[in-house]
Number of protein chains: 2
Amino acid sequence: MSVASGFQPVPRESTSALITRQLREGIMRGTLPAGAQLSEVSLAAEFGVSRGPLREAMQRLVQEGLVRSELNRGLFVKELDETEIRDLYLTRTAIETAAARAVAHGETVTESLERLRARARAMAEAAAAEDLQALADADFAFHEELVNLAGSPRLHRVHETLMVETRMCLTALQGTYFDPEDQVSEHTRIVEAIAAGDDAAMVREIEEHMQEALDRLVRAAR
Amino acid sequence: MSVASGFQPVPRESTSALITRQLREGIMRGTLPAGAQLSEVSLAAEFGVSRGPLREAMQRLVQEGLVRSELNRGLFVKELDETEIRDLYLTRTAIETAAARAVAHGETVTESLERLRARARAMAEAAAAEDLQALADADFAFHEELVNLAGSPRLHRVHETLMVETRMCLTALQGTYFDPEDQVSEHTRIVEAIAAGDDAAMVREIEEHMQEALDRLVRAAR
DNA sequence: CCCGTGAAGATTGTCAACAATCCGGAGATA
DNA sequence: TATCTCCGGATTGTTGACAATCTTCACGGG
């Protein structure tokens, strides 16, 4: 019975894990806006489960830092002030520079670069088509790809949360205009720095990109 | 009644948070050894609570990555093979280099350096006294201090988990001998690089320190 | 001797009810 | 009018019981 035919272990997931994912999505999309109280009874009813599994999912989000718990009062979607946003981008810089270095020194650099270039191309196309939604999605896809290619479960897990928080910010500022060309070129420069194998340049490009993105965000928020 | 007399908000914590902390401590100290199944009933009995709050605490640890969940089978303390340990140190490097840079560019560099030097001194003293336990503790205190001084809640949260995992490794290898002098000098060099304000050197020293620590660990584990 | 079958025991997953706590407003008092 | 007290409603925190699932081991057939 061992024919080695690439079967993956059945992906069954616990209910709390499923709920966690949906809640995280909701926070990301702004369906659950920052500062909102998460009522246990109403959410449990919405998911069609009892409060037990729902509370377990909540605790996961608390540990993740997306939800704040006030004892005997309730759970609230975490709000991000400017200090928090700066910290968010500081941490993203830490994770993504590490990821870039791992990619640059990895076994499959050429393949990785190909995938990153594809993501960058997708951004350029979205920018050319002036499709801001697609541009934002491609932007996220690029950064997720970068961290995935590093092949580090820890960097990946941390980054996942950071991206949710980032999306939270952008959702809150929906409708604001950012110059597409800047964004595209910043990403292209990152890829080329990785291709060049120049660690210092790589770090510098990512740092500048984060700084730019942070500035855009903070400026728009005022 | 508003005399503004520096009271801090009562630190009341939820039961699941308290349990989480204790479980984490147990994992760290090896009381709950890697790979062990965490029985809900027995643990709940030990804590004197019912299974509800305990399960919530477990979900936090799952999210943190310290515990692995197998559906309908149970929860197990995560095991760290060599690949995992490498990833752990990769991530620690990412977090701690970022922290060091934040400290170096922070407002209170001189004060921060003082505290780091104090930690380094404590290590030197423990090494001189050949107290290996104290040396290990001082080592951890140094790295925790470094990340705390960065003042980043996100770096801090991630790092906390990483340190638990690191301690897990060392607990498993208890009794192994590491050269104290090497450890002390590596930390001193990190502090001095921060003092010199040389970003590149700082990153290099931390990377080398992590590499050394990783090598010591991997060598000892074989 | 090996392998499939099935029941018993143990463990996890889920639920609905109970207890404790908090918030807001009505009423009383100075 | 301002303030204190107390009560009702709502929400969270906790519990014990029930359902579903997995593991183990003995049994019987090939």
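Just the heavy atoms: all of them, side chains too, but no hydrogens, waters or symmetry mates, feed the values below. From a predicted model like this one, the values you see are computed outputs, not experimental measurements.
A side-chain donor from one of B:T161 and B:E64 sits under 3.5 Å from a side-chain acceptor of the other. Using a 3.5 Å distance cut-off with no hydrogens or angles, the side chains of B:H143 and B:H159 do not pair a donor with an acceptor.
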Could you tabulate the donor-acceptor pairs under 3.5 Å formed by side-chain atoms of residues 65-72 of chain B, not counting sequence neighbours?
residue	atom	partner	partner atom	Å
B:R68	NH1	B:E70	OE2	2.5

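Residues of residues 37-57 of chain B that place a heavy atom closer than 4.0 Å to DNA chain C, in numerical order, are B:Q37, B:L38, B:S39, B:E40, B:R51, B:R55. If you check residues 58-76 of chain A against DNA chain C, the residues with a heavy atom closer than 4.0 Å are A:N72, A:R73, listed by number.
With respect to B:L113, the side chain to side chain contact (heavy atoms under 4.5 Å, CB included) criterion is satisfied by exactly one of B:V191, B:L149, B:V103: B:V191.
In terms of the side-chain contact (heavy atoms from CB on, under 4.5 Å) criterion, B:A136 has no residue partners (sequence neighbours excluded). Applying the salt bridge (charged side-chain N to carboxylate O under 4.0 Å, His left out) rule to B:R154 yields the partners A:E84, A:D87, A:E165; only residues at least two apart in sequence or on another chain are considered.
End-to-end axis angle for the helix from C:dC1-D:dG30 to C:dA30-D:dT1, using five pairs per end and rounding to 10°, comes out at 10°.
The pair A:R86-A:E82 counts as a salt bridge, with a side-chain nitrogen and a carboxylate oxygen less than 4.0 angstrom apart.
Here B:E56 contributes atom CD and A:Q63 contributes atom CD; the two are 13.0 Å apart, rounded to the nearest 0.5 Å.
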Decide yes or no on salt bridge (Lys or Arg N to Asp or Glu O under 4.0 Å) for A:R216 and A:E186, but give the supporting numbers first. CA-CA 13 Å; A:R216 280 194 284 267; A:E186 284 171 26; 3.5 Å; yes
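A donor-acceptor pair under 3.5 Å is formed between the side chain of B:H105 and the backbone N or O of B:R101.
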